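Worksheet: one structure, shown below.
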Amino acid sequence: MKLASLKQGGRDGTLVVVSKDLQRAVPVPGIAPTLQRALEDWQSAAPRLNRVYEALNHGNVQTIDAEDVFALDTTALAAPLPRAYEFVDGSAYLPHVARVRKARGAEVPESFYTDPLMYQAVSAGFYGPRDPVLVPSEAFGIDLEAEVVVVTDDVPMAVTPEQAAGHIQLIGLVNDVSLRNLIPDELAKGFGFLQSKPRSALSPVFVTPDELGEAWQDSKVHLALLTHINGEWFGAPEAGVDMQFNFAQLIAHAAKTRPLSAGTIVGSGTVANEDTALGASCFAERRTVETLRDGKPSTPFMKFGDVVRIEMNDRSGASVFGAIEQKITAAGA
């Protein structure tokens, strides 16, 4: 099934079930007012939400209030989870890590192949799929990061990857905004990201794993992640290829010393392949490829007015999650 949240209804929005073709939606206040509430009671809520989803797709309006079904307007959507208790972001695509380190003359530590990289990201608020990305200055080095995310129910501490796989309830996309020119000084302090990692944006809908069919295997999404900048193709790397750690492993890593609350978002990190002909999912990746090839980068970071579009299509060409489409905007403009 596919789920989204309307902006109306307060900070956590209003949960709606969305049709498979992303054209219609219906609120479900009798099941859960928000997606967070549904995730906290997922074993009970999920079957009921799925019945509404089936009715919406097959026109079986006897089981839903047909008067409440409305045409979906993506601009009216908040992020599916407008705020989350946790957002932990990994860096599971080692071709990206290896190239970035090679460009600055550094080797990839052996531990990177056995122990995931991960940091605690901003979760107190997410941009909706059509909200502008607000940045105080272009000098900060504005970048996108196109990634896949999963959402969990309650995850016990110290779960195994095999156990963690059963806690993956929803899948979506994220534009993990990065301010590249602020990162070096922050990391040099030895205490991680803060100012260089502002709010991120989530896809219009999250979907359950079964919605992906054969494209969901081994806790990975086996589809291309397509990015356009100002209408021009930027990259379409395969999300199921070159992913060193799958989502079950990432969840187990995050839960090693603490439980994860229902509604925790876990990110894959920038999707990247060994095959650079498939393009990039962030400007840092493209600039690194240029540096390794030409000795210096030639592509600048994003400017105010630039538009980023991130989407994933199924094998038939239909959009799975809807598109994140955002304009980079000066804060206060």
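Here the structure is a predicted model, which means the values were calculated and not measured. Numbering starts at 1 and runs along the sequence shown.
- Of the N and O atoms on the side chains of Ser319 and Glu311, at least one donor lies less than 3.5 Å from an acceptor on the other residue.
- Listed by chain and residue number, Leu134, Thr329 satisfy the side-chain contact (heavy atoms from CB on, under 4.5 Å) test with Pro132 (two or more places apart in sequence, or in another chain).
- Phe245 places none of its side-chain heavy atoms less than 4.5 Å from the side chain of Leu117.
- Taking 4.0 Å as the cut-off between side-chain N and carboxylate O, Glu214 and Arg315 do not count as a salt-bridged pair.
- With salt bridges taken as basic N to acidic carboxylate O contacts below 4.0 Å, none links Lys327 and Asp306.
- Ser19 and Lys2 form no side-chain donor-acceptor contact under 3.5 Å, judged by distance and modelled atom types alone.
- Using a 4.0 Å cut-off between a side-chain N of Lys or Arg and a carboxylate O of Asp or Glu, Lys197 and Asp176 qualify as a salt bridge.
- A donor atom on one side chain and an acceptor atom on the other are found under 3.5 Å apart for Gln326 and Asn175.
- When ring centroids are compared, Phe140 and Phe301 stay outside the 6.0 Å threshold.
- Between Glu285 and Arg287, no side-chain nitrogen of the basic residue sits less than 4.0 Å from a carboxylate oxygen of the acidic one, so the salt-bridge criterion is not met.
- Here Arg309 does not pair with Glu232 in a salt bridge; the nearest charged N to carboxylate O distance is not below 4.0 Å.
- Judged as a side chain to side chain donor-acceptor pair (under 3.5 Å), the pairs with a partner in residues 179-194 (not counting sequence neighbours) are, in order, Asp143-Arg180, Glu145-Arg180, Glu186-Ser196.
- Side chains of Tyr53 and Glu211: a donor-acceptor N/O pair is present below 3.5 angstrom, by distance only.
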